[in-house]
Amino acid sequence: MGIFGGKKETNNESRILVITSDRLNRDYEPLGTVMVTSPKVTNDFNFIIDLVGEKAKEQGADAVICFRYSLSGALHTGYGTAVKYK
């Protein structure tokens, strides 16, 4: 629910799988590394997962594996390997 009791908007249809593991239950082909950085000031790092997923999707990926996250000062960095299902 939103702040004022309304329904929180989510767009799960556009999200792709972002995981820390390299194990998927299907065959895949690696497309390359995806990396994003953001100076957004927040304790919630889910936005960086969304950014990594969006960037990977732009490259034609179906998922991101081996996702890693780093926070240095106020700079959030997320990266992983974009993959395409076979």
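Because only heavy atoms are used, hydrogens play no part in the values below, and waters and symmetry mates are left out as well, while side chains stay in. Only a predicted model underlies this, so the values are computations on that prediction, with no experimental measurement involved.
- Here the NZ atom belonging to K57 is positioned 11.0 Å from the CZ atom belonging to R15, to the nearest 0.5 angstrom.
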Donor-acceptor pairs under 3.5 Å, side chain of residues 25-36 to any protein atom, not counting sequence neighbours: which ones?
residue: Y28; atom: OH; partner: D22; partner atom: O; Å: 3.0

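- Identified under the salt bridge (Lys or Arg N to Asp or Glu O under 4.0 Å) test for residues 64-79, with sequence neighbours left out: none.
- In plain terms, the two heavy atoms of L75 and P39 that are nearest each other are CD1-N, 4.1 Å.
- Applying the salt bridge (Lys or Arg N to Asp or Glu O under 4.0 Å) test to pairs two or more places apart or on separate chains, none has a residue in residues 34-46.
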Apply side-chain contact (heavy atoms from CB on, under 4.5 Å) to V52 and Y79, showing your working.
-> CA-CA 7 Å; V52 166; Y79 61 94; 5.9 Å; no
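- Here the closest non-hydrogen pair linking F67 and G78 is CE1-CA, 4.0 Å.
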Would you sort out whether V83 and T81 count as a side-chain contact (heavy atoms from CB on, under 4.5 Å), showing the intermediate values?
-> CA-CA 6 Å; V83 298; T81 302; 4.2 Å; yes
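- Listed by first and then second residue, the ring pair (Phe, Tyr, Trp, His ring centres under 6.0 Å) pairs involving residues 38-64 are F45-Y69, F47-H76 (not counting sequence neighbours).
- Looking at residues two or more places apart in sequence or on another chain, you find a salt bridge (charged side-chain N to carboxylate O under 4.0 Å, His left out) between K84 and D62.
- I19 pairs by the side-chain contact (heavy atoms from CB on, under 4.5 Å) definition with L17, S21, L24, I65, not counting sequence neighbours.
- Between atom CG of residue L51 and atom OG1 of residue T77 there is a gap of 11.0 Å, rounded to the nearest 0.5 Å.
- The OG atom of S38 sits 10.5 Å away from the CG atom of L71 when rounded to the nearest 0.5 Å.
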